[in-house]
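Structure, as structure tokens:
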Amino acid sequence: MSEPPHRRRAHASSSDLERYAGLFAERTRVMRSSAMRDLMAVTARPDVISLAGGLPDTSTFPPQEFAAQMTRIAQESAAEALQYGPTEGFRETVDCIVEVMGAEGMLPDPEDVIVTTGGQQAIDLLGKALLDPGDVVICEAPTYPGAIPVFCSYQAETIQIECDAEGMKIDELEATLDRLESEGRRPKFIYSVPNFQNPAGVTLSLERRQRLVELARARELLVVEDNPYGLLRFEGEPLPPLYQLDGGDFVIYVGTFSKILSPGIRLGWLVAPPALMEKIVLGKQAADLCTSTLTQYFVREYFGGGRWREYVDNLVEIYRGRRDAMIAALQRHFPPQATWTVPGGGLFIWATLPAYIDTSDLLAKALREDVAFVPGEAAYVDGRGRSSMRLNFSAGDEDEIAEGIRRIGKVIGEQVELYSALTGEHPTPPAASPAGDEAPNVVPFRKVEGE
Ligand SMILES: Cc1ncc(COP(=O)(O)O)c(C=O)c1O
């Protein structure tokens with residue numbers, strides 16, 4: 001029997017749009033795409049060097065170990081692994097989560113943990129449980145680009161607080177909270193990525209962590225601590241998580257196995273007090289009933305082997321080398337006016353170019369050179385960040401990183417030359433400036449020599 005032809009439709013036609021226009025929910029008007037997801041399609045081409053994704057290097061996971069784990073699951077628990085599971089997740093998965101959080105000094109009550117389909121779903125479930133249209137969410141500027149579409153789809157008003165080398169500026173946060181209070185408004189939560197932040201690579205200082213938690217407690221405000229990168233520390237001493245400083249009353253914690261094991265297994269978690277957890281569980285039931293049973297079994301097997309810390313240590317070694325390779329390439333190929341962050345961990349560097357360069361325009365030119373990055377605008381709700389870019393150093397090897405930066409440096413160089421030719425101005429390097437005295441929208445960083 002011959003196969004029926006597949007219907008193919010690359011884009012919605014105008015008649016499609018007309019047909020559906022009257023059906024769309026109000027919230028779809030403000031829904032926004034995640035810039036990274038859009039870029040994924042372009043960067044899937046093998047000739048493109050992508051510094052755009054947030055992809056951990058999963059080729060570091062030994063295929064034999066993967067095969068052995070899956071074989072054990074198939075032989076010992078096939079029927080259970082192929083079955084639905086509890087909405088909250090299996091207790092064995094929660095035990096693994098408690099172990100991971102313990103490695104950063106946290107001691108959550110297992111009853112306060114729900115296993116989610118990635119950290120992304122945890123953010124979404126918080127939005128679902130807490131946000132009505134018009135509610136205020138506060139986050140960092142720049143913030144995790146994947147959080148913005150969540151806040152938008154729940155029609156929240158997102159207010160971003162500038163970051164510097166020590167993370168979110170708490171003075172500015174306090175002033176914003178005062179202003180909101182004078183208007184009779186309270187944010188539903190303050191969202192922060194305190195360690196090696198996506199996208200800027202900055203880490204919230206101890207003093208600011210303490211102040212943020214004090215503020216939350218004094219004003220009875222919820223803080224969402226999203227911490228995918230805390231264990232990917234290349235140097236220096238770990239700082240206490242907000243969750244630990246607070247004890248779990250006002251700080252809600254979001255974690256994930258994506259960056260310490262695999263994003264493909266789509267396993268994350270959320271830790272919240274019982275009253276909130278009840279609503280989160282209802283939201284998750286409606287969303288997907290339960291997180292993948294199969295991948296929860298995978299994690300259980302993996303942690304049973306007792307070598308997860310070893311694997312993370314190995315990632316840290318690899319990513320540290322790649323960060324250094326990226327910094328060296330930036331020093332070599334970016335113009336003297338460019339600045340960038342030097343993260344002590346995580347996956348990202350944030351680079352800022354002269355204000356006359358728009359990185360969304362630059363991306364189109366970079367793609368012609370087969371290289372991609374995330375334009376800074378994706379990390380803001382209000383069009384800021386136009387002269388910045390997020391650069392990922394975990395996905396490719398050191399040679400690819402160097403070549404990718406060389407290609408981006410080339411297109412930047414062309415823009416700088418064009419600007420000089422048109423204006424007669426010649427580039428001058430920025431003065432080394434202490435953290436804090438930055439140009440607007442720019443996370444301030446010296447161009448670091450030999451650090
Ligand atoms: C800050 C932050 N939160 C959440 C996520 C979502 O990760 P996942 O859904 O894979 O756990 C990411 C992914 O890059 C991230 O950087």
Side-chain angles (χ1 to χ4, degrees), residues 34-40 43 50-58 89 93 96-97 100-101 104 113-128 137 139-151 153 158 160 163 167-168 189-204 223-232 241-243 252-271 284 287-288 291-292 295-296 298-299 312 315 319 341 343 345-350 373-374 378-380 390-395:
S34 158
M36 300 102 64
R37 296 292 113 194
D38 288 349
L39 275 171
M40 287 279 243
T43 57
S50 179
L51 306 177
L55 312 189
D57 188 345
T58 44
T93 320
C96 300
I97 289 167
V100 172
M101 290 181 71
E104 288 193 80
V113 179
I114 181 170
V115 183
T116 57
T117 304
Q120 190 68 29
Q121 186 184 50
I123 306 170
D124 187 70
L125 292 174
L126 284 167
K128 200 176 197 178
V137 172
C139 63
E140 288 143 351
T143 190
Y144 164 48
I148 293 176
V150 178
F151 304 151
S153 60
T158 305
Q160 293 189 270
C163 290
M168 187 193 281
F189 57 85
I190 301 165
Y191 170 80
S192 171
V193 183
N195 291 312
F196 320 120
Q197 192 230 27
N198 177 1
V202 295
T203 291
L204 193 65
V223 173
V224 176
E225 174 175 38
D226 186 6
N227 184 28
Y229 306 108
L231 286 169
L232 297 177
L242 301 170
Y243 182 84
I252 301 186
Y253 187 87
V254 174
T256 180
F257 289 105
S258 285
K259 310 300 160 122
I260 56 169
L261 173 56
S262 148
I265 60 173
R266 305 305 304 127
L267 283 193
W269 66 91
L270 187 135
V271 189
K284 180 155 170 84
D288 63 358
T291 300
S292 162
T295 60
Q296 288 189 71
F298 179 82
V299 161
V312 174
L315 288 178
Y319 296 163
T341 56
L347 310 186
F348 306 105
I349 287 176
W350 179 257
F373 55 81
V374 173
Y380 291 85
R390 189 191 77 176
L391 298 164
N392 166 267
F393 55 78
S394 58

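Indexing begins at 1, ligand by ligand and atom by atom, following the structure's order.
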Could you tell me, atom by atom, which parts of ligand 1 come under 4.0 Å of a heavy atom of [X]?
X: Lys259; value: 13 (C), 14 (O)
X: Gly119; value: 8 (P), 9 (O), 11 (O)
X: Thr256; value: 8 (P), 11 (O)
X: Arg266; value: 8 (P), 9 (O), 10 (O)
X: Asn198; value: 14 (O), 15 (C), 16 (O)
X: Gly118; value: 9 (O), 11 (O)

Applying a heavy-atom cut-off of 4.0 Å, say which part of Phe257 lies close to ligand 1: side chain, backbone, both or neither. neither
Can you figure out which of Pro263, Ser258, Gly268 has its heavy atom closest to atom 10 (O) of ligand 1? Ser258
For atom 2 (C) of ligand 1, which candidate among Leu347, Thr116, Ile265, Asp226 provides the closest heavy atom? Asp226
Which heavy-atom pair separates [X] from [Y] by the least distance, and what is that distance?
X: Thr341; Y: Pro343; result: O-CD, 3.4 Å
X: Met168; Y: Leu204; result: N-CD1, 3.6 Å
X: Trp350; Y: Ala379; result: CH2-CB, 4.1 Å
X: Leu231; Y: Val312; result: O-CG1, 3.7 Å
X: Thr58; Y: Pro263; result: CG2-CD, 3.9 Å

So, does Gln197 sit close enough to ligand 1 that a heavy atom of it is under 4.0 Å from the ligand? no
Of all the heavy atoms in Gln121, does at least one lie under 4.0 Å from an atom in ligand 1? no
Reference residue Leu347; test side-chain contact (heavy atoms from CB on, under 4.5 Å); the match among Asn198, Leu232, Leu391: Leu232
Considering both backbone and side-chain atoms of Ile123, is one of its nitrogen or oxygen atoms within less than 3.5 Å of a nitrogen or oxygen in ligand 1? no
Any N or O on Gln120 sitting closer than 3.5 Å to an N or O of ligand 1? yes
Quick one: sort the Tyr144 and Tyr191 rings into parallel, tilted or perpendicular, breaks at 30° and 60°. tilted
By the definition side chain to side chain donor-acceptor pair (under 3.5 Å), identify the one residue from Arg266, Lys284, Lys128 that meets it with Gln121. Lys284
Rounding to 0.5 Å, atoms CH2 (Trp269) and OG1 (Thr256) come to a distance of 6.5 Å
